[in-house]
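Here is the structure we will look at, set down as structure tokens.
Below, chain A is the first sequence line, B the second, and so on; all start at residue 1. Just so it is clear, the structure is predicted and the values come from calculations on it, not from any experiment.
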There are 2 protein chains.
Amino acid sequence: MSEKTISKAVIKRLPRYYRYLGELRLQGVKRISSGELSDQMQVTASQIRQDLNNFGGFGQQGYGYNVSFLFDEIGKILGVDTRKNIIVMGAGNMGQALTKYTNFRSYGFDIIGIFDVDPNLVGRQVNGIYIQELRDVKMFVESHHVDIAVLAVPKEAANTTAEHLVELGIKAFWNFAYTDLQLGPDVVVENVHLLDSLLSLSYGIKNHSNQNPVL
Amino acid sequence: MSEKTISKAVIKRLPRYYRYLGELRLQGVKRISSGELSDQMQVTASQIRQDLNNFGGFGQQGYGYNVSFLFDEIGKILGVDTRKNIIVMGAGNMGQALTKYTNFRSYGFDIIGIFDVDPNLVGRQVNGIYIQELRDVKMFVESHHVDIAVLAVPKEAANTTAEHLVELGIKAFWNFAYTDLQLGPDVVVENVHLLDSLLSLSYGIKNHSNQNPVL
DNA sequence: TAGATTGTTAATCGATTAACAATC
DNA sequence: TAGATTGTTAATCGATTAACAATC
């Protein structure tokens, strides 16, 4: 790789820029300066310029940034320009809720399969998608292009499930199971540990000074 | 406040310590050194000791940390020692899934109410709790002690809903709506922006070097 | 051109890691 | 006591902010 690696902190901020720019675009705003965006987003203008310049000079001196152009560029950086196929492992509360949540589709993410071990669930439909037997996932992955697997299985099953999918060639996991996956270095994992989030809120209740939300 | 404020980075790591210690305790492990915990958690021993010492000397030289004691102490810091009542605003996919997710209860969080504007949902039960009219939330909050409100409403409704609840005295929000709430400084907000999480995973797919998951 | 605002370097700040004296 | 390991200070590293020259 020739490009310098981008820090995790920067990457975590990109979706938020993307969201604000998307809203500005919808409002018909054509251009924006780092100063104006700074006011709206409550981050420093300096940070905005630094962050964006990790990926290239998207602005123009004396003018600012073209909202629509910058929105598209950040979209490309985030990979929203190519659609992604997703399978959901586990058709419990969370698996079903995520499958029903249609908004991901408008950002290029298509849920194309959902799997569970429970025979009572298999055959039911969630958002027009039939729940399939977990054992059929191999056949499914071999006959469909799958970019991302959502892990919405019990934590005891999470790592085994993921390892199985890694063998089938899946390299990206959106992990809702409350455990840290042990997978190879070429596998990408994004954890959503809801209890961690709730616990840090709980901490904040006791210590509610003027701390800002973690964005 | 006399105590020095703890950095957000430290707070975000506490639930993970809590989880590992809880598992060690279940496994019957009585004591652990920062070095051993470091191996398991893949963080430096130095960081573990620094983090814990923000809150007090929980260990003992030459011995390490008593697992059960440390678990309880971190639990207290996170506020798990006092039960919290939660209401869920919005009985859509996410609101229902969170209400059904019974595991929060074992950490001291009780969901005691769920509200929606949709008359088709009102009166139905979710996990034994009747969905109530949104307009009845005032009466409910005035007659029940509510610590936390979950915002699982559409993003357009999130800020208004939250402001209303702030007037009723609620000071902590677990926000699943895809927007940044504008609330007063004495209100605590913890955001769960799932799309942000998915987008950063999407970024990682393109750039899957040996980056570790964001824990 | 003059004014505005970026891109980028330099300075500051904070967080992580290393080291080691204290002490169990 | 000797060995182990913490608590804590000092050193390093990285991220954020400030400043300003480049330039539209």
**OP:** Verify salt bridge (Lys or Arg N to Asp or Glu O under 4.0 Å) between A/K84 and A/D110, making sure each step is shown before the conclusion.
**Re:** CA-CA 6 Å; A/K84 306 273 191 301; A/D110 294 313; over 6 Å; no

Original post:
Hey, are the side chains of A/K171 and B/I205 touching, using non-hydrogen atoms and a 4.5 Å cut-off?
Top reply: no

Original post:
Can you tell me which stems DNA chain C forms when a stem means 3 or more consecutive Watson-Crick or G-U pairs under 3.5 Å?
Top reply: C:3-24 with D:3-24

Original post:
Just by distance, do the side chain of A/K206 and the backbone of B/I77 share a donor-acceptor pair under 3.5 Å?
Top reply: yes

**OP:** Say whether B/E163 and B/N159, considering side chains only, have a donor N or O and an acceptor N or O under 3.5 Å apart.
**Re:** yes

Subject >> Sugar-phosphate only, base, or nothing, as touched by A/S46 at under 4.0 Å among non-hydrogen atoms >> reply: base

Original post:
Just by modelled atom types, is the A/L198 backbone N or O under 3.5 Å from a matching donor or acceptor in the A/S202 side chain?
Top reply: no

**OP:** Pull out every residue in residues 57-64 of chain A that has a heavy atom closer than 4.0 Å to any atom of DNA chain D, ordered by number, or say none.
**Re:** A/Q60, A/Q61, A/G62

Subject >> N/O donor-acceptor pair under 3.5 Å between B/D147 side chain and B/N85 backbone >> reply: yes

Original post:
Ignoring hydrogens and geometry, is there a side-chain-to-backbone donor-acceptor pair from B/E190 to B/W174 under 3.5 Å?
Top reply: no

**OP:** Report yes or no: do A/D196 and A/Y178 form a side-chain donor-acceptor pair below 3.5 Å?
**Re:** yes

Subject >> Span of DNA chain D, from the first to the last nucleotide whose atoms fall under 4.0 Å of chain A heavy atoms >> reply: D/dA15 to D/dC24

**OP:** Please check if the side chain of B/Q47 supplies one atom and the backbone of B/T44 the other of a donor-acceptor pair under 3.5 Å.
**Re:** no

Original post:
For the residue pair B/F58 and B/F69, does the interplanar ring angle fall in the parallel (under 30°), tilted (30 to 60°) or perpendicular (over 60°) class?
Top reply: perpendicular

